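Atoms within each ligand, like the ligands themselves, are counted from 1 in listed order. Computed from a predicted structure; not experimentally measured.
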Amino acid sequence: MTAVDDRPTATVRRPDVAPGKLFIGGQWRAAENGVRFDVVDPSTGSVVTSVARAGKSDVDDAVAAARAAFDGWAATPGRHRARILRRVADVVRARADELVATESLDVGKPVSLCRPVDVETTAEQYEYYAALAQSIDGATRQIPIPAHAYTRREPIGVVAAITPFNFPLILSSSKIAPALAAGNTVVHKPAEDTPLSALLMAEILTEAGVPAGVVNVVTGFGSEIGDHLVSHPGVDKVAFTGSTAVGRHAASVAGARLKPMTMELGGNAAHIVFEDADLEKAIGAVIKGFVFNTGQFCMGGPRLLVASSLYDTVVGALADAVPHVPLGDPFDPATVIGPMAGERHLSKVERHVALARAEGGRIVTGGRRVDRDGFFFEPTVIADLPDDSPVVQEEIFGPVLTVQRFGSEDEAVALANGTSYGLAAGLQTENLARAHRVAARLQAGIVWVNDWAMLDPAIPFGGVKDSGHGREYGPEALASYTRTKSVVISLA
Ligand code: NAD
């Protein structure tokens, strides 16, 4: 997500989007009974198109198509799979304008973020796993009997890839790219709020030469087809990203069938500003950490912990700076904060801010829905809440920052670790020893020092505690789409 693409975003226009169909076995088709559901533009609240609402028989067909394609794809040499994955990256870049426009329209994501982050990272993931696809090797092992012993890393089979609304492109490619690199086939179920880029990616994968059936897309509601997909006997692995509540349920369904799974769940990261921080840099990182993707970022930093000596200074600096972060039309290249992705997300933020008021929290800036069409909420800073307030403890998933103070380093670590989540964490300090010391003590899958959201396909991320288990990105993700077989051949 640190990738930079200097092409101007000004050329991106709101696209006309055709009604979407399911993509199964290389064919576009309607859902069973022809049912569809609406897709809403979060910046206006108006319906832009509709897509097929898959039912259980559609899931059955998609799994069957993925199964039928598995043997051929698994037997395709890694180097040949790599060539196709590199072409996917090329086509993503060639069709970047379409992807940016579609994703921005669907999610309300500012184009200024969408091109360098969502679209470029998608291309980079396919490139990264194309490189790794060529070196999926086993090992030979020395054993004290006359035998030749070695391991093979084999694909697992059909992967159900279930993705959330907030980074549709990135979080689907973080599953599909390593899954394909390792020789698996995929049934992708995108979030019902934001299904459009998954359909465009199906076109792109096909254009790049991914064979029919290797990736299938079923748009639809998790409440209707989620359990069926996760428990399907034809599905060999579940790769889930979403909320902790739904993930816990999906894990219990997959667990009952003993399916391997990765669970990338909710987060509520602490961002610690120590008294020895570079304050100007720290304020910039704090703001980035909570407004990035309009606060709809599992690895955002919505819990600010500030050294007592700096508390008033930092709160004052936030009060000055936050109202100036450009909020508006996601298609305006100057926009940093777009709308929330849907009414349900905005309502959740409103509920938490109302609760903060009721609990005596001080609204330093923001705190209201923006008076315009669409689902906009002001970037909001709330001070002086008790540590155990649900507003501090729960994942709000919007552009809201709570601020707490701490005395000692130990207290900062205790507060940071004091929620049920453990996805990301960060700290601001100019003291190198403290940076390493505190990073080691934070309960999180990734820790950032002196900036926020430094992500790259080579750097694994994932949760501890209620944020889930397993890792995406890096060789770790590729490994999770393989299983090891040992072969022992007698030499006697
Ligand atoms: P969600 O849990 O509501 O939905 C996620 C996906 O699960 C959707 O595709 C949904 O249709 C599907 N689903 C719903 N019911 C299901 C069921 N019974 N079985 C299987 N699938 C089912 O999450 P959301 O609101 O789309 O996304 C926001 C959440 O995702 C936040 O909690 C955020 O922290 C989390 N998230 C985590 C990461 C990470 O890497 N850990 C990344 C992004 C988002």
Trainee: Tell me the protein heavy atom at minimum distance from atom 8 (C) of ligand 1, and give that distance in Å.
Mentor: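 Ranked first by proximity to atom 8 (C) of ligand 1 is T163 O, 3.3 Å.
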Trainee: Tell me which part of E472 gets within contact of ligand 1: side chain, backbone, both or neither, using heavy atoms under 4.0 Å.
Mentor: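 For E472, there is no contact with ligand 1 at all, from either part.
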Trainee: Among protein heavy atoms, which sits nearest to atom 10 (C) of ligand 1, and what does the distance come to when rounded to 0.1 Å?
Mentor: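 I find the closest protein heavy atom is E192 OE1, 3.4 Å.
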Trainee: Take atom NZ in K348; do more than 12 heavy atoms of anything else shown fall under 6.0 Å from it?
Mentor: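 Counting neighbours around NZ of K348, more than 12 heavy atoms of other residues, nucleotides or ligands fall under 6.0 Å, so yes.
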Trainee: Just to be sure I read this right, does ligand 1 sit under 4.0 Å from the backbone of F461, its side chain, both, or neither, counting only heavy atoms?
Mentor: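 Within the 4.0 Å criterion, F461 contacts ligand 1 through side-chain atoms alone.
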Trainee: Please lay out, stage by stage, how F165 and F397 fare under the test ring pair (Phe, Tyr, Trp, His ring centres under 6.0 Å).
Mentor: CA-CA 12 Å; F165 76 89; F397 225 56; 5.8 Å; yes
Trainee: Give yes if a backbone or side-chain nitrogen or oxygen of H345 is under 3.5 Å from a nitrogen or oxygen of ligand 1, and no if not.
Mentor: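 No; every N/O pair is 3.5 Å or more apart.
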Trainee: Can you check which of E395, M263, Q296 brings a heavy atom nearest to atom 31 (C) of ligand 1?
Mentor: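 Shortest heavy-atom distance from atom 31 (C) of ligand 1: E395.
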Trainee: Has ligand 1 got any nitrogen or oxygen that is less than 3.5 angstrom from a nitrogen or oxygen of L171?
Mentor: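 Checking ligand 1 against L171, no N or O pair falls under 3.5 Å apart.
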Trainee: Report the part of L229 (side chain from C-beta onward, or backbone N, CA, C, O) that has a heavy atom under 4.0 Å from ligand 1; answer both or neither where that applies.
Mentor: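 Under 4.0 Å from ligand 1, L229 contributes no heavy atoms.
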Trainee: List the residues meeting salt bridge (Lys or Arg N to Asp or Glu O under 4.0 Å) with R344, not counting sequence neighbours, and say none if there are none.
Mentor: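 For R344 the salt bridge (Lys or Arg N to Asp or Glu O under 4.0 Å) partners, ignoring immediate neighbours, are D193.
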Trainee: Would you check the N or O atoms of T244, main chain and side chain alike, for any that come under 3.5 Å of an N or O of ligand 1?
Mentor: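 No, since none of the N or O atoms of T244 sits under 3.5 Å from an N or O of ligand 1.
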Trainee: If you draw the axis of the six-membered ring of F167, does the NZ or CZ of K109 fall within 45° of it and under 6.0 Å from the ring centre?
Mentor: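 K109 over F167 ring: yes.
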Trainee: Would you say atom 4 (O) of ligand 1 touches the protein, meaning some protein heavy atom is under 4.0 Å from it?
Mentor: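 Flag for atom 4 (O) of ligand 1 set to false, no protein heavy atom closer than 4.0 Å.
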Trainee: How close does the nearest protein non-hydrogen atom get to atom 27 (O) of ligand 1, and which residue and atom is it?
Mentor: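 Answer, as residue, atom name and distance: P164 CB, 3.2 Å.
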Trainee: Below a 4.0 angstrom heavy-atom separation, can you tell me which part of F397, side chain or backbone, both or neither, approaches ligand 1?
Mentor: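 For F397, the contact with ligand 1 is made by the side chain alone.
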Trainee: Which one holds for N166 and ligand 1: side chain close, backbone close, both close, or neither close, with close meaning a heavy atom under 4.0 Å?
Mentor: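 The answer is the side chain of N166.
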Trainee: For ligand 1, is any non-hydrogen atom under 4.0 Å from P190's backbone (N, CA, C, O), its side chain (CB onward), both, or neither?
Mentor: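 For P190, the contact with ligand 1 is made by the backbone alone.
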Trainee: Around atom 23 (O) of ligand 1, find the nearest protein heavy atom and jot down its residue, atom name and distance.
Mentor: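 For this ligand atom, the closest protein heavy atom is S243 N, 3.4 Å.
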Trainee: Tell me: protein heavy atom nearest atom 38 (C) of ligand 1, and distance?
Mentor: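 That would be C298 SG, 3.0 Å.
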Trainee: Should E395 and Y421 count as side-chain neighbours, where that means a heavy-atom distance under 4.5 Å?
Mentor: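 Yes, close enough: below the 4.5 Å cut-off.
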Trainee: Can you figure out which of I225, I162, V238, L265 has its heavy atom closest to atom 12 (C) of ligand 1?
Mentor: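 Heavy atom nearest to atom 12 (C) of ligand 1 belongs to I162.
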Trainee: Can you list the residues that meet the ring pair (Phe, Tyr, Trp, His ring centres under 6.0 Å) rule with H271, with sequence neighbours excluded?
Mentor: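 Scan of H271 (ring pair (Phe, Tyr, Trp, His ring centres under 6.0 Å), adjacent residues dropped) gives W452.
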Trainee: Counting only heavy atoms not in K288 (residues, nucleotides, ligands), do more than 12 fall under 6.0 Å from its NZ?
Mentor: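 Buried by this count: over 12 neighbours within 6.0 Å.
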Trainee: When you measure from atom 25 (O) of ligand 1 to each heavy atom in H249, H228, R344, which option holds the nearest one?
Mentor: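 When every heavy atom of H249, H228, R344 is considered, R344 comes closest to atom 25 (O) of ligand 1.
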Trainee: Determine, for K189 against E192, whether the closest basic-nitrogen to carboxylate-oxygen distance falls under 4.0 angstrom.
Mentor: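 Judged by the 4.0 Å cut-off on N to carboxylate O distance, K189 and E192 do form a salt bridge.
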Trainee: Quick check: V246 and ligand 1, any N/O pair under 3.5 Å apart?
Mentor: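 No - when backbone and side-chain N and O of V246 are compared with those of ligand 1, no distance drops under 3.5 Å.
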Trainee: Tell me whether R29 at atom CZ has more than 12 heavy atoms from other residues, nucleotides or ligands lying less than 6.0 Å away.
Mentor: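 More than 12 heavy atoms, drawn from other residues, nucleotides or ligands, come within 6.0 Å of this atom.
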Trainee: Heavy-atom distances under 4.0 Å decide this one: backbone, side chain, both or neither, for D227 against ligand 1?
Mentor: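 Both the backbone and the side chain of D227 come within reach of ligand 1.
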Trainee: At under 4.0 Å between heavy atoms, which part of L423 makes contact with ligand 1: side chain, backbone, both or neither?
Mentor: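 For L423, the contact with ligand 1 is made by the side chain alone.
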